[in-house]
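Just below is one structure, and these are the notes that go with it.
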Amino acid sequence: MFCPLVWLCSAGSLPSPMPPIILPPTPCAANSTSLPAGDAIPHRNRKPTTRRQRCRISVTTASSSSALSAAPALIANAPTPRAFSALFKAASSSSPSHSLGAQLHAQAVVRGFLGDGDNTILSTAILNFYASCREPDLARQVFDRMARRNAVTWNALIKGYAQAGRRDEALALFRCMRRHDRVAPDKYTFPALLSGIGRNRGGVCVQELGGAVHAQVVKSGLDKDPFVGASLVSMYAATGALEDVKAVFDDVDTLDPVVWSSMISAYVNCKEEEAALLTFYKMLCQDIKPRQFVYSSLFAICGSMSMLEMGRQVHAHSLKNITDKDAAMTNALLTMYSDCGCIDDAWRVFNSNDVVDVISYNSMILALGQHARPKEAVELFKRMKFSGLIPDEVTLLNLLSAFNHAGLIHEGLHLFDSMLDMEGIKPTYQHYACVIDMLARSGEIEESMKTIKEMPFEAETSLWRIVLGACSKHGDIETGIKIAEMLFEMEPYEPTNYILLGNICARLGRWTEAEKVRSLMEKRGIDGDDAFSWIEMGQTTHRFGVDDRSHPISEEIYRNLDRLIGSIKAAGYVPDTSFATHSTEKDRREESLRYHCEKLAFAFGDLASPSGDTLRIMKNLRVCGDCHSAYKYFSLVTGRKIVLRDNHRFHHFYNGACSCVDYW
DNA sequence: GTAGGGTTAG
């Protein structure tokens, strides 16, 4: 039987070393700061950067850190191993640039700082730099060349592998450190190791492994340490073991803010938003000052639940308590405003942010795409490159998605076709999925099917479902049936597949087939997801279902909705009964559309807020086509702006039109 | 100016 405890304690052999790297003498002048010629320094399998690009990287990265901006002068005037160690530390801290580190590494080699003698501290700093760049194999090359290693060295390498998702190598190193170098695990080792265990959810025995590491923590007498506790909390949260999370939290020194911050994130990960907010209040009651991480988690909650008022309060609270800027917190704040429908506030956060990194740009480009502002997304992408930051695969995915939301097929396909040559980034599965979505959504169903067949990845069911949705939109019943049959085989209990096929039939007026799909669903005991819409009024969020009469002022809401429907009909609105899903007579179909949840939420918001106020409404599913049309007229007859967030994107309605230009 | 803990975009 598998015994993780024995396995962890057993003395394995050190994983086989990489071939040693050759660090040749270079012709570089001693006081120069440019990169020496040749591949002396570990490099990734990436398109080599040009000399011009290398210069640009070092200048811009240096500007983000005062320590780094002083690098050239420091190297020229006081080139000591200590100075280099400090520079590597600075280079590892935020958005580490591989090429900058390689230049520094080259300089250290040129000056003979990595030759004979005691260079453990400098080598560890270099190793840690490569680990921070998510390049554990390069860190390993440095490790293998070191004459002496201590706990800091081992911990840095373990963390490098763990955070790159290479759990088994991190564990192998953990098992070896004591035997190989007589280095015992310390309070830094466990957070390093644990950071990679929960992350790797696909692996076997994650729970047992986590438990085994936890047992080692107890054995080492480190179970009261707040950082070890915080990493245990995160690990258990990543595996969904909320009871274990609580047990660890109760056990550690809870006066330390680190543990509280981890606990709040844990609740967020486990979708226990209310518990997370409650933990925040408890933390404040105990006079523990929140740090940036806590605010990041709280912003994520407010954003995901579209709680704008709460989000504003948390923002104000953070302004009072946090003086030093933090990129992650600011990015979370930006995303919170965007998720609450306030794209202009997101812009303000972005523009006032003086710690902008790649994630800031990625977040803002994503937000602009979701809010149907592709021109601004493109401008921002250009600004990002001009500033010297290198776009990554997420940047291009977000830009592609912005084109997709706006129906800019030509631009999207051009970006997709040129991304490898222009940006040096190979399309991943997600890029393909986005392009296939784009093709299918625009009616190019055949082309999207062809791309699925040709792409170097296996299509997941969610991608087939996207194409099925497009078949529904464009009335391609033959292809729709083929895909649906395949999906019924692959995941017979997924309600969306049945609903999408039923919708295709219903939209084409093929009611008998639509009923067949519905009865098949019933026969198999499958319930579809109920549709809900939410609207926030002051401190309260009001939720509406379809035909929902549970609200305390339900009668008034229905009266207001009937009045509004009368007004919009007079203005030209015609109910689109093709969105009705039952084969009843025309009047009944019209009736079934009238009290959709998003219409009820608007009718309530219109009653409960001063005229002219913007209404922000959230729906858990895709907005219905008839409601989309009704919302355009609502904005016309009431003069209100309406921001509707569905499960896919944002719609901004104003003066009878929607920002999505009816393409969604 | 000598190296190492928890989290955040998609």
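Naming: A, B, ... by sequence-line order, numbering from 1 per chain.
- Closest approach to the A:N362 side chain among B:dA9, B:dT2, B:dG1 is made by B:dA9 (side chain taken as heavy atoms from C-beta onward).
- Annotation: ring-ring contact (aromatic ring centres under 6.0 Å, His included) contacts involving residues 257-279 of chain A, sequence neighbours excluded, comprise A:F249-A:W260.
- Side chain of A:A151, nearest nucleotide from B:dG5, B:dA9, B:dG4: B:dG4.
- For A:N155 and B:dG5, a side-chain-to-base donor-acceptor distance below 3.5 Å is absent, hydrogens and geometry of angles not being considered.
- Among pairs with a residue in residues 218-244 of chain A, those fulfilling ring-ring contact (aromatic ring centres under 6.0 Å, His included) read A:H214-A:Y236, at least two apart in sequence or across chains.
- Rounded to a whole Å, the CD1 atom of A:I158 is 16 Å from the P atom of B:dG4.
- Residues forming a side-chain hydrogen bond (donor to acceptor under 3.5 Å, both in side chains) with A:T153 (at least two apart in sequence, or on another chain): A:T124, A:N150.
- Which of B:dG5, B:dA9, B:dA3 sits closest to the side chain of A:F227 comes down to B:dG5.
- Between the C1' atom of B:dG10 and the CG atom of A:L463 lies a distance of 16 Å, rounded to the nearest Å.
- A:H105 has its NE2 atom 14 Å from the C1' atom of B:dA3, to the nearest Å.
- The residue A:N150 sits close to a base: some heavy atom pair falls under 4.0 Å.
- Glycosidic torsion of B:dG5 falls within 90° of 0, placing the base in syn.
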**Request:** Any chance you could lay out the side-chain hydrogen bond (donor to acceptor under 3.5 Å, both in side chains) test for A:N331 and A:N362, step after step, and finish with the verdict?
**Result:** CA-CA 9 Å; A:N331 297 340; A:N362 290 358; over 6 Å; no
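- A sub-4.0 Å separation between OP1 or OP2 of B:dG5 and a side-chain N or O of A:S231 is absent.
- Listed nucleotides: B:dG1, B:dT7, B:dG10. Nearest to the side chain of A:N398: B:dG10.
- Every side-chain hydrogen bond (donor to acceptor under 3.5 Å, both in side chains) that A:S234 has, sequence neighbours left out, goes to A:S262.
- Relative to the side chain of A:D225, the nucleotides B:dA9, B:dA3, B:dG5 differ in distance, and B:dG5 lies closest.
- Atom CG of A:N119 and atom P of B:dT2 are 18 Å apart (whole Å).
- Rounded to whole angstrom, the span from the CE atom of A:M235 across to the P atom of B:dG5 amounts to 19 Å.
- Residues from residues 121-129 of chain A that place a heavy atom under 4.0 Å from any atom of DNA chain B, listed by number: A:I121, A:T124, A:A125, A:N128.
- As judged by a 4.0 angstrom heavy-atom cut-off over every strand, A:S363 is placed among residues touching the sugar-phosphate backbone only.
- Taking the 5.5 Å centre cut-off and the 30° plane limit, the aromatic side chain of A:Y188 is classed as stacked on B:dG4.
- With A:Y337 as reference, A:H315 is the one residue of A:R312, A:H315, A:R348 to meet the side chain to side chain donor-acceptor pair (under 3.5 Å) rule.
- In this structure, the CZ atom of A:F113 is 16 Å from the C1' atom of B:dA3, given to the nearest Å.
- Distances shown here put a side-chain N or O of A:K89 below 4.0 Å from the OP1 or OP2 atom of B:dA3.
- B:dT7 atom P lies 20 Å from atom OH of A:Y295, rounded to whole Å.
- Across all strands, A:S261 comes closer than 4.0 Å to base atoms (heavy-atom distances).
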Using a 3.5 Å cut-off and no angle test, enumerate the donor-acceptor pairs between side-chain atoms of residues 268-282 of chain A and protein atoms at least two apart in sequence or in another chain.
from	atom 1	to	atom 2	distance (Å)
A:T279	OG1	A:A275	O	2.6

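- At whole-Å resolution of the value, CD in A:Q163 and P in B:dT7 are 8 Å apart.
- Comparing B:dT7, B:dG1, B:dG10 by their nearest atom to the side chain of A:L366 picks out B:dG10.
- A:F416 places a side-chain heavy atom less than 4.5 Å from the side chain of A:L400.
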